[in-house]
Amino acid sequence: MNAVDTSSSAIVSVQPLGMPWETIDPFLFCVHHDDAYPRGNGRHGPDAALLSGRKMGSDFSRQDGWSMYHGQQVPGFPAHPHRGFETVTIVRKGRIDHADSLGAGARFGGGDVQWLTAGKGIVHAEMFPLLHTDRPNPLELFQIWLNLPADSKMVEPHFTMFWSQDIPRHTFVDDAGRRTEVVVIAGDLPAPGHAGGTVARPLAPPPDSWGSRLHSDLAMWTLRLEPGAQWTLPAALGDGTRRKLYFFAGGQITLAGQVVPVGSSVEVRAGADVLLINGDEPGELLMLQGRPIGEPVAQYGPFVMNTEQELRQAFEDYRRTEFGGWPWPDPAPVHGNEEDRFARHADGRTERPPSQD
């Protein structure tokens, strides 16, 4: 399916989802991992026999429904650097183990979100431990890269945890009794029908984020519609805001009168209400919205700056300092065998969710 221009409606364009998903300013990158990992081998990885035929160290094959990515024994992404942007990791199923060059670590999942501000530079690992030895270990997550404006690119790195139990959710019920659930990671969810006010207010984004600026109009929501459900996506309020919907699960959905198949990304006019009518299967979408930062982007791999000179400096700084070095015994740390979620910050604070699932 080629990109379709629908300039006469609330839809700007429709195109197939790629890998990664195409984004628009202020977003840089979005990927959806949905891996049907098998039972673990007791050492947080799959049985060695299941690794045959994979390109170890760079396995994106989805052989048997899952990938090792850059992991050797445990799936995931061993130590790698970032500078100049933020990562927002939404883990819907499974667990992720975070470790970083500040000495901080975390285990999170089951609906939790980690919002990491890389700022002037951090090295981190994101490993996917297979904790269950008696049953499969499915993992599903989104990772979103959100740009930082020039005056925030060299802030101190840190991360913020949004525990699943604290993240706002709201369920709308249409006239036929069919339900649409909206999970609000960022951005106020307005009341329907231009009644004013909000029905869900998100947790506060990190202080140096573009999302912390009121005029950014930043929003990140996940939507789940029951078969046949109808819901109106309310218009954004910001001037110049752009909005994109990623239809990643279901059959088909009608957006502003246009039928769209699953596996599509749709840019809609942010200033317009958009009626969604789901098809015969449960449908799920990710919505990313924001006012563009509108600054030059110089990017190479894990570094995102404004100029080529700043990009060269980022590589030089990393070669010289390794952004503080790596305090862990190996590049792919795993935090034990327990499922319990936690976050241990660089200042020594340890936080846990209100309750463990």
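Separation of atoms OG1 (T254) and CD (Q252) is listed at 6.0 Å; rounding is to 0.5 Å. T87 OG1 to I122 CD1: the interatomic distance, rounded to the nearest 0.5 Å, is 8.5 Å. Atom-to-atom distance recorded for Q258:CD and S9:OG is 6.0 Å, nearest 0.5 angstrom. Interatomic distance, CH2 of W163 versus CZ of F108, reported as 8.5 Å (0.5 Å rounding). Between atom CZ of residue R269 and atom CD1 of residue I11 there is a gap of 10.0 Å, rounded to the nearest 0.5 Å. Distance check: L245 CG to Q289 CD gives 9.5 Å after rounding to the nearest 0.5 Å.
Remark: the backbone N or O of P168 is not paired with any side-chain donor or acceptor of H170 at under 3.5 angstrom. Judged by distance alone, the side chain of K120 and the main-chain N or O of M154 form no donor-acceptor pair under 3.5 Å. Side chain of D347 to backbone of R349: a donor-acceptor contact under 3.5 angstrom is found. Under the 3.5 Å distance criterion, the side-chain polar atoms of S265 are left unmatched by any main-chain donor or acceptor of L17. Without hydrogens or angle criteria, D59 side chain to M68 main chain gives a donor-acceptor distance under 3.5 Å.
Tested against D112 for a salt bridge (Lys or Arg N to Asp or Glu O under 4.0 Å), the candidates K93, R95, R341, R92 yield a single pass: R341.
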- Verdict with reasoning, H70 to F60, per ring pair (Phe, Tyr, Trp, His ring centres under 6.0 Å): CA-CA 8 Å; H70 297 313; F60 291 75; 5.4 Å; yes
- Assess whether ring pair (Phe, Tyr, Trp, His ring centres under 6.0 Å) is satisfied between H158 and W115, documenting all intermediate values. CA-CA 9 Å; H158 67 278; W115 195 322; over 10 Å; no
Open item on the list: side chain to side chain donor-acceptor pair (under 3.5 Å) for H215 and D217? Distances and angles first, verdict last.
Closed with: CA-CA 6 Å; H215 65 279; D217 204 17; over 6 Å; no
**Item:** D188 and T198: CA distance, side-chain angles, deciding distance, side chain to side chain donor-acceptor pair (under 3.5 Å) verdict
**Value:** CA-CA 6 Å; D188 288 353; T198 62; 5.0 Å; no
**OP:** Using the ring pair (Phe, Tyr, Trp, His ring centres under 6.0 Å) rule, take F85 and F303 through it: C-alpha gap first, then chi angles, then the decisive distance, then the call.
**Re:** CA-CA 8 Å; F85 64 100; F303 303 141; 8.8 Å; no
Worked check of ring pair (Phe, Tyr, Trp, His ring centres under 6.0 Å) between H345 and F159:
CA-CA 8 Å; H345 295 272; F159 69 84; 4.6 Å; yes
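The pair E310-R83 fails the salt-bridge criterion, with no side-chain N (NZ, NE, NH1 or NH2) lying under 4.0 Å from an Asp/Glu carboxylate O. In this structure, R352 does not pair ionically with D166, as no charged nitrogen and carboxylate oxygen lie closer than 4.0 Å. With salt bridges taken as basic N to acidic carboxylate O contacts below 4.0 Å, one links R107 and D97. Electrostatic pairing of R243 and E267 does not count as a salt bridge here, judged by no charged N lying under 4.0 Å from a carboxylate O.
Remark: R54 is positioned above the aromatic ring of W66, its terminal NZ or CZ atom under 6.0 angstrom from the ring centre and at most 45 degrees off the axis.
Aromatic ring centres of H82 and F323: separated by at least 6.0 Å. The six-membered or imidazole ring of F315 lies near that of Y300, with a centre-to-centre distance under 6.0 Å.
Taking S209 as the reference, E86 meet the side chain to side chain donor-acceptor pair (under 3.5 Å) condition, with sequence neighbours excluded. Under the side chain to side chain donor-acceptor pair (under 3.5 Å) criterion, N137 pairs with no residue at all, not counting sequence neighbours. For Q313, the side chain to side chain donor-acceptor pair (under 3.5 Å) partners at least two apart in sequence or on another chain are D317.
Checked by atom type, the side-chain pair E126/Q143 shows a donor-acceptor distance below 3.5 Å.
Within a 6.0 Å radius of CZ in R39, no more than 12 heavy atoms belonging to other residues, nucleotides or ligands are found. Environment of CZ in R62: crowded, with over 12 heavy atoms of neighbouring residues, nucleotides or ligands closer than 6.0 Å. For D151, the CG atom sits in a packed shell: over 12 heavy atoms of surrounding residues, nucleotides or ligands are nearer than 6.0 Å. In D175, the CG atom is not crowded: 12 or fewer heavy atoms of neighbouring residues, nucleotides or ligands sit closer than 6.0 Å.
Identified under the side-chain hydrogen bond (donor to acceptor under 3.5 Å, both in side chains) test for residues 219-235, with sequence neighbours left out: none.
Membership of an apolar cluster is not assigned to V259, as no side-chain contact below 4.5 Å to another ILVMFWY residue is traced.
By the 4.5 Å heavy-atom criterion applied to side chains, V91 and V113 are not counted as neighbours. In this structure, the side chains of I253 and L276 come closer than 4.5 Å at one or more pairs of heavy atoms. A 4.5 Å side-chain heavy-atom check between E295 and P149 finds at least one atom pair inside the cut-off.
Residues A99 and P333 share a closest heavy-atom pair of CB-CG, 3.8 Å. Across all their heavy atoms, L50 and P38 have their closest contact at CD1-CG, 3.7 Å. Taking all atoms of both residues into account, the shortest heavy-atom contact from G211 to P205 is O-CG, 3.5 Å. Residues Q299 and W145 share a closest heavy-atom pair of NE2-CZ3, 3.7 Å. Closest approach of P75 to H44, counting heavy atoms only: CD-O, 4.0 Å. The heavy-atom pair separating A229 from T180 by the smallest distance is CB-OG1, 3.8 Å.
L130 and V334 fall into different hydrophobic clusters, defined by Ile, Leu, Val, Met, Phe, Trp and Tyr side-chain heavy atoms under 4.5 Å apart, directly or through other members. Tracing side-chain contacts under 4.5 Å through hydrophobic residues (I, L, V, M, F, W, Y), one never reaches L146 starting from V304; they form parts of separate clusters. Placement of V183 and V88 within a single hydrophobic cluster is found when ILVMFWY residues are connected by side-chain heavy-atom separations under 4.5 Å, directly or transitively. Connection of I167 to I96 is not established within any shared hydrophobic cluster, with ILVMFWY side chains joined at heavy-atom distances below 4.5 Å, either directly or through further cluster members. Under a hydrophobic-cluster definition in which Ile, Leu, Val, Met, Phe, Trp and Tyr are linked whenever side-chain heavy atoms come within less than 4.5 Å, directly or via other members, L141 and Y246 are assigned to different clusters.
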Contacts under 3.5 angstrom, residues 18-36 side chains, donor-acceptor by atom type, not counting sequence neighbours:
from: E22; atom 1: OE1; to: Q15; atom 2: NE2; distance (Å): 3.3
from: T23; atom 1: OG1; to: F27; atom 2: O; distance (Å): 3.3
from: T23; atom 1: OG1; to: L28; atom 2: O; distance (Å): 3.3
from: T23; atom 1: OG1; to: F29; atom 2: N; distance (Å): 3.3
from: D25; atom 1: OD1; to: I293; atom 2: N; distance (Å): 3.0
from: D25; atom 1: OD2; to: I293; atom 2: N; distance (Å): 3.3
from: D25; atom 1: OD2; to: G294; atom 2: N; distance (Å): 2.9
from: H32; atom 1: NE2; to: E140; atom 2: OE2; distance (Å): 2.9
from: H33; atom 1: ND1; to: Y69; atom 2: OH; distance (Å): 2.9
from: D35; atom 1: OD1; to: S67; atom 2: N; distance (Å): 3.1
from: D35; atom 1: OD1; to: Y69; atom 2: OH; distance (Å): 3.2
from: D35; atom 1: OD2; to: Y69; atom 2: OH; distance (Å): 2.7

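Between W326 and W328, the ring-plane angle classifies as tilted under the 30° and 60° cut-offs.
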